[in-house]
Amino acid sequence: MSQLPFIDLGAQRRRLGERVDEAILKVVNHGAYIMGPEVGELEEKLAEFCGASHAISCSSGTDALAMILMAKGVGPGDAVICPSFTFAATGEVVAWLGATPVFADCLPDTFNLDPESLRKAILKARELTLKPVGVIAVDLFGQPADYEAIEPICSDEGLWLLCDTAQGFGGTYKGRRTGSIGDIAATSFFPAKPLGCYGDGGAIFTDDGALAGIIRSIRNHGQGSDKYDNVRIGMNGRLDTIQAAVLLEKLEIFPDEIVARQLVAERYNEGLGNLVITPLVAEGCVSTWAQYTIRLSSSRRAAFADHLKEAGIPTAIYYPKPMHMQSAYRRFPIAQGGLPVCEKLAGEVISLPMHPYLDEETQDRIIDAARAALAAEAA
Ligand SMILES: *Cc1c(COP(=O)(O)O)cnc(C)c1O
């Protein structure tokens, strides 16, 4: 049987037709490969799209997070609280700057940062005589984190809130678009993310003009107003003009794709809801469905994946190990009370093919195979 793609970027490319090719060729010909006009144009459109005052494009989602922490002056002795159930970049950047990531648990239904565990992680940091300075909340699998619970904790404790919306850009939380939530937000344009380019890319969003200025300087080696007098330690964190040109074309169809993703998720919920735990989207939230992730008891997951593989259907496990259980991160502290939910989820989650171009016929094939796999196990 034919093998289905997990994410069908080819279908999106066919829809876009010659537009992307022409946009790329235009950059190749005008020659402003670094910080060309498309970069500024993209930043304006991104800011407008999500309702943030400033959008700063950059080289990747990881660099977006790192440059934000650099701008905040994060360093040794500081603690930054983040969920353990996330892609490694979230906590990696904290450790990279010599600060201490303190890992918190997640909620079992939305997979996002558990506000109670966040409080316990802050206590843990203080107990270790570290200085809690900020929180990185993650919009995991496309769903915004529980900001109404997280924001008051941050303001009570005097912590900044950084939203890692690498998977959730384009989603909304009670009428607010991701990118406009928190003190500052970071996203990724890695090709497989809901809004992706044809290589690495990312962006930073904030309403804080002074902070935006510092990040623009960091993105270009800490440049000041005099090009040859670098006023701070920075890096090369720029987005290529070609990638900006690709993103300008993709941003045009992104709202439409977000709608299409909802329909795909709804059809999965209908087809599988009575057999497995399907993903919950909290009241008032719109997910971008970076992943459609179901839960199965850990003893059933491997057989389920094998059955689907035989039927030509790829699955993926995000994430088989929470960060605090990975070799490089085991030495970092975790919230008081431990992280039982994310440890359990790591054994149970499995993601199905998800993209805006999953037509009904193909999706029925996936749903039928999943139902057959579950029935075969039960027999
Ligand atoms: C993908 C991702 C990143 C990193 O983005 P890159 O562009 O790959 O560097 C950071 N955080 C989360 C939650 C991600 O999913």
Side-chain angles (χ1 to χ4, degrees), residues 6-7 9 42 46 55-70 80-97 101 103-104 106-107 110-113 134-147 150 161-171 178-179 181-182 184-205 215 219 235-240 243-244 246-247 250 279 287-293 316-324 326 328-329 342 345-346 349 351 354-355:
F6 191 67
I7 295 176
L9 289 174
L42 174 70
L46 287 171
I56 304 147
S57 63
C58 66
S59 39
S60 71
T62 306
D63 289 347
L65 292 167
M67 289 193 286
I68 292 167
L69 298 188
M70 287 165 78
V80 176
I81 322 298
C82 65
S84 182
F85 197 56
T86 179
F87 181 65
T90 310
E92 178 184 39
V93 289
V94 179
W96 182 11
L97 291 174
F103 294 110
C106 60
L107 297 164
T110 62
F111 311 129
N112 275 328
L113 180 62
V135 174
I136 307 180
V138 178
D139 300 334
L140 202 72
F141 305 150
Q143 168 158 223
D146 186 2
Y147 290 110
I150 295 168
L161 173 60
L162 158 53
C163 303
D164 177 350
T165 195
Q167 300 181 16
F169 187 65
T178 59
I181 306 173
I184 193 157
T187 195
S188 163
F189 301 128
F190 182 81
K193 307 282 166 148
L195 179 62
C197 56
Y198 288 160
D200 278 309
I204 295 164
F205 305 95
I215 292 170
R219 179 178 66 174
M235 60 188 274
N236 171 3
R238 301 176 298 248
L239 179 73
D240 291 348
Q243 299 302 343
V246 170
L247 284 162
K250 290 208 193 186
S287 174
T288 51
W289 297 105
Q291 301 297 339
Y292 183 88
T293 303
I317 294 173
Y318 302 114
Y319 295 91
K321 264 189 193 182
M323 281 197 77
H324 73 284
Q326 295 177 20
Y329 298 96
C342 66
L345 285 176
V349 290
S351 303
M354 168 49 93
H355 59 86

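Remember, it's 1-based here, ligands and their atoms both numbered in the order they're listed. All figures in this text were calculated on a predicted structure; none of them were measured in a lab.
Residues that satisfy the ring-ring contact (aromatic ring centres under 6.0 Å, His included) test with Tyr292, not counting sequence neighbours, are Tyr268, Trp289. Residues meeting the ring-ring contact (aromatic ring centres under 6.0 Å, His included) test with Phe205, sequence neighbours left out: Phe169. Taking the side chain to side chain contact (heavy atoms under 4.5 Å, CB included) definition, one finds that Ala104 meets it with Ile81, Leu113, Ser117, Ala121, sequence neighbours left out.
Side-chain N/O atoms of Thr178 and Asp139 include no donor and acceptor closer than 3.5 Å.
Pocket lining of ligand 1, defined as residues with a non-hydrogen atom under 4.0 Å away: Ser60, Gly61, Thr62, Thr86, Phe87, Ala89, Thr90, Val138, Asp164, Ala166, Gln167, Ser188, Lys193, Gly201.
Taking both residues in full, the closest heavy atoms of Phe141 and Ser287 are given as O-OG, 3.7 Å, listed atom of the first, atom of the second, then distance. Residues Phe87 and Met323 come closest through the heavy atom pair O-SD, 4.1 Å.
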